[in-house]
Student: 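Handing you this structure, nothing more for now.
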Amino acid sequence: MAIQAPRGTRDFYPAEMARLNRIFDAWRRVSLRAGFEEIEGPAFETLELYTAKSGQEIVNELFTVSGRGESGEGDARYALRPELTPSLARMINQRARSLRMPVKWFSIPRMWRGERPQKGRLREFFQWNIDVVGAEERVADAEVIGVAVDVLRELGLGPADVVVKISSRPLLASLLADLGIPDGDLETLYGVIDKRRKVDLEKFRAMLAEKLPGNDALVASIFEMTGCTDLDALPSQGERSEAEKADLLGLFRLLGEMGLSDWCGFDLGVVRGLAYYTGPVFEVFDRAATMRAVAGGGRYDNLLEVLGGPKIPAVGFGMGDVVLADLLQEKGLLADATVGVDYFLIDADEKLFGRLLKLARELRARGVSATYSYRRSSVSKQFKQAAAANARRVIVLGDELAQGRVAVKDLAAGVQATIPLSSLLDNPSQPVTQ
RNA sequence: GUGAGUGUAGCUCAGCUGGUUAGAGCACCAGGUUGUGGUCCUGGGAGUCGGGGGUUCGAAUCCCCUCACUCACCCCA
């Protein structure tokens, strides 16, 4: 084979596509029943949409696109979208004055990132995005978390398999401020705190000590604080941290009322790399914590303004297909799916092929799927093809047709009956009984 | 960008310290079976052993380089 697929991409043959569609169906079904509407944007955007928010460095992580070749636009002016949020923000901002808030939108975009692929992380993937824009109430945060959980449940996972770890950016910031950490040091500390769940605890302690040399008491405080899983017991000292704690407790209360307590937990170690989060943040992990995050998101009340629009509060998350499929596979919840076909039509005599073609159209017009062999061959051979095509039923057109009847066989049950063609067409889904 | 592992048929892989013409299972095609599939039996097509160079009488096997994939680090929207 001379040419292979680009690094980090996947080919979806029918079996893989059927599995992917099971995930897509769950995403779409759950979104719609929670009252979200589907949107889509362009697969590529102007480069500045991404550099405006993240600076020039992000260009290295993007697949950039030049303009039309013949127009001499040599420089990269566009980028394949690496995330949806900037496009969403752009769409909101363009119609901010006419959209009825809150906006509840979801999307299932294909995305591209110029990274070295590894487990759970490819260069091309799909990511379900769900956002509530224009609602500052905590119930909106609870709602999006609830929708994420709903999908996981829909796909067969339970609280024993996955956990939503929830924290809050401003809470962490105010707690660190309580401890006397200057604002300028917060960013580097976030980076270390984010590592807590990835490295062993002593390594984590050492990393903290490295950032805060000669301040063992402070290291001990942060170490203890970030390991606390009981939000109530968190030792908050200042007015600001008390308020942030109360705010997050409010979110947990709402989640409890939604019946999601088993699925959710407090974890100050959830930091998220992105700087634009302004409130609660969360990530979904497998309980064993051996995989990358299945989903992640949070509140971003300033982002739309940063991207040149009015200040509108928003909360949302993304869930990628790659880690989710890995997890479902591991739990045995991604059994092979075959699509198959309702009817496979067979002619016992080449002279009946014309009638077969007509019957196929009649069946298809009635909403059932029907196919047949393109090559006239023995009944036996056509049956083999029917089995290979995963047909549920076979219709044999033969001598009975003179009496207006056909043989219908249920391949799985092995049951066959000869029935009037008119009856079949009246009710193509009727069971085959002997 | 750094490091490790793996590349043999469409797929999953076997092939011992170098030794005839490179194998198996699955898949595919044909036949057994011109009104009945799955199972079974028989036969068949299939491979620059990732690529290039080297060592050797002889290389899938040993050495060097290179490419690709996988995993980990970095980063993670």
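Just so we're on the same page: letters track the sequence lines, and every chain starts at 1.
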Student: Take atom CZ of A/Arg121 and atom P of B/C69, then tell me their distance rounded to the nearest Å.
Tutor: 16 Å
Student: Across all strands shown, which nucleotide pairs with B/G3 by Watson-Crick or G-U wobble geometry, both distances under 3.5 Å?
Tutor: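 Pair assignment: B/G3 / B/C71.
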Student: If I pick the P atom on B/C71 and the same atom on B/G25, what distance separates them, to the nearest angstrom?
Tutor: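 One P to the other, the span is 31 Å.
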Student: Could you give the distance separating B/G19 and B/G58 at their C1' atoms, to the nearest angstrom?
Tutor: 7 Å
Student: Quote, to the nearest angstrom, the P distance that separates B/C76 from B/A4.
Tutor: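 Pairwise P distance, B/C76 against B/A4, rounds to 25 Å.
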Student: Can you tell me, in whole Å, how much space there is between the P of B/A14 and that of B/C28?
Tutor: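 Approximately 24 Å lies between the P atom of B/A14 and that of B/C28.
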Student: Out of curiosity, A/Leu231 CG to A/Ser168 OG, how far, rounded to the nearest 0.5 Å?
Tutor: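 Result: 9.0 Å between the selected atoms.
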Student: With heavy-atom distances below 4.5 Å as the criterion, would you say the side chains of A/Lys311 and A/Leu304 are in contact?
Tutor: no
Student: Could you check which nucleotide pairs with B/C16 in any of the strands shown, counting Watson-Crick or G-U wobble with both distances under 3.5 Å?
Tutor: none
Student: What contact category does A/Arg7 fall into here, base, sugar-phosphate, or nothing, at under 4.0 angstrom with non-hydrogen atoms?
Tutor: sugar-phosphate
Student: Rounded to the Å, how far apart are A/Lys119 NZ and B/U70 C1'?
Tutor: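 My rounded result for the distance is 11 Å.
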Student: Within this structure, what is the CZ-to-P distance between A/Arg292 and B/C76, rounded to whole angstrom?
Tutor: 11 Å
Student: Any idea which heavy atoms bring A/Glu137 and A/Arg299 closest together, and the distance?
Tutor: O-NH2, 3.4 Å
Student: Specify whether A/Trp27 and A/Trp128 have parallel, tilted or perpendicular ring planes, treating 30° as the upper limit for parallel and 60° as the lower limit for perpendicular.
Tutor: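 Aromatic pair A/Trp27/A/Trp128 classed parallel.
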Student: Check whether A/Tyr277 forms a cation-pi arrangement with A/Arg169 (NZ or CZ under 6.0 Å from the six-membered ring centre, at most 45° off the ring normal).
Tutor: no
Student: Each nucleotide in nucleotides 34-41 of chain B should get exactly one letter: B, S or -. Can you fill that in based on protein heavy atoms under 4.0 Å?
Tutor: -BBBB---
Student: Check the pair A/Asp326, A/Lys119 against salt bridge (charged side-chain N to carboxylate O under 4.0 Å, His left out), reporting the backbone distance first and the verdict last.
Tutor: CA-CA 9 Å; A/Asp326 283 348; A/Lys119 190 168 176 58; 3.8 Å; yes
Student: When rounded to the nearest Å, what value does the distance between C1' atoms of B/A46 and B/U8 take?
Tutor: 14 Å
Student: Regarding A/Glu61, tell me which of base, sugar-phosphate or nothing describes its non-hydrogen contacts under 4.0 Å with the strands shown.
Tutor: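 Since a base atom lies under 4.0 Å of A/Glu61, the category is base.
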Student: Could you work out the separation of B/C13 and B/C57 based on their P atoms and round it to a whole Å?
Tutor: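 Straight-line distance between the two P atoms is 37 Å.
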Student: Sort out the partner of B/A59 for me: Watson-Crick or G-U wobble, both distances under 3.5 Å, none otherwise.
Tutor: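 By the stated definition (distances under 3.5 Å), nothing pairs with B/A59.
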Student: In the strands shown, is B/G25 matched to any nucleotide by a Watson-Crick or G-U wobble pair with both distances under 3.5 Å, and which?
Tutor: B/C11
Student: For the aromatic rings, using the six-membered ring if either is Trp, is the centroid distance between A/Tyr372 and A/Phe344 under 6.0 Å?
Tutor: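 No: the rings miss the under 6.0 Å criterion.
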Student: Nearest-Å distance, CD (A/Gln382) to P (B/U33)?
Tutor: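 The answer, rounded to whole Å, is 18 Å.
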Student: Are OP1 or OP2 of B/A72 and a side-chain N or O of A/Gln118 less than 4.0 angstrom apart?
Tutor: yes
Student: Quick one: A/Glu83 CD to B/C76 P, roughly how many Å, whole number?
Tutor: 13 Å
Student: Determine whether A/Leu171 and A/Lys245 make a side-chain contact, defined as any pair of heavy atoms from C-beta on separated by less than 4.5 Å.
Tutor: yes
Student: Taking B/G51 as the reference, what is the distance to B/G45 when you measure between their P atoms (whole Å, please)?
Tutor: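 That atom pair is separated by 23 Å.
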Student: From the options B/C75, B/U70, B/A77, select the nucleotide whose nearest atom is closest to the side chain of A/Pro82.
Tutor: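 Of the options given, the side chain of A/Pro82 lies nearest B/A77.
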Student: Nearest whole angstrom, please: distance from the P of B/C73 to the CD of A/Glu115.
Tutor: 13 Å
Student: Roughly how far apart, to the nearest Å, are B/G53 and B/G47 at atom C1'?
Tutor: 22 Å
Student: Name the closest nucleotide to the A/Arg116 side chain, picking from B/C73, B/C76, B/U2.
Tutor: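 Side chain of A/Arg116 sits closest to B/U2.
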Student: Nearest whole Å is fine: how far is B/G10 P from A/Asp11 CG?
Tutor: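 Spelled out: CG on A/Asp11 to P on B/G10 is 16 Å.
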Student: Does A/Arg28 qualify as a cation-pi partner of A/Phe106, given the criterion of NZ or CZ under 6.0 Å from the six-membered ring centre and within 45 degrees of its axis?
Tutor: no
Student: Using whole Å, what does the distance between atom C1' of nucleotide B/G51 and atom CD of A/Gln4 come to?
Tutor: 12 Å
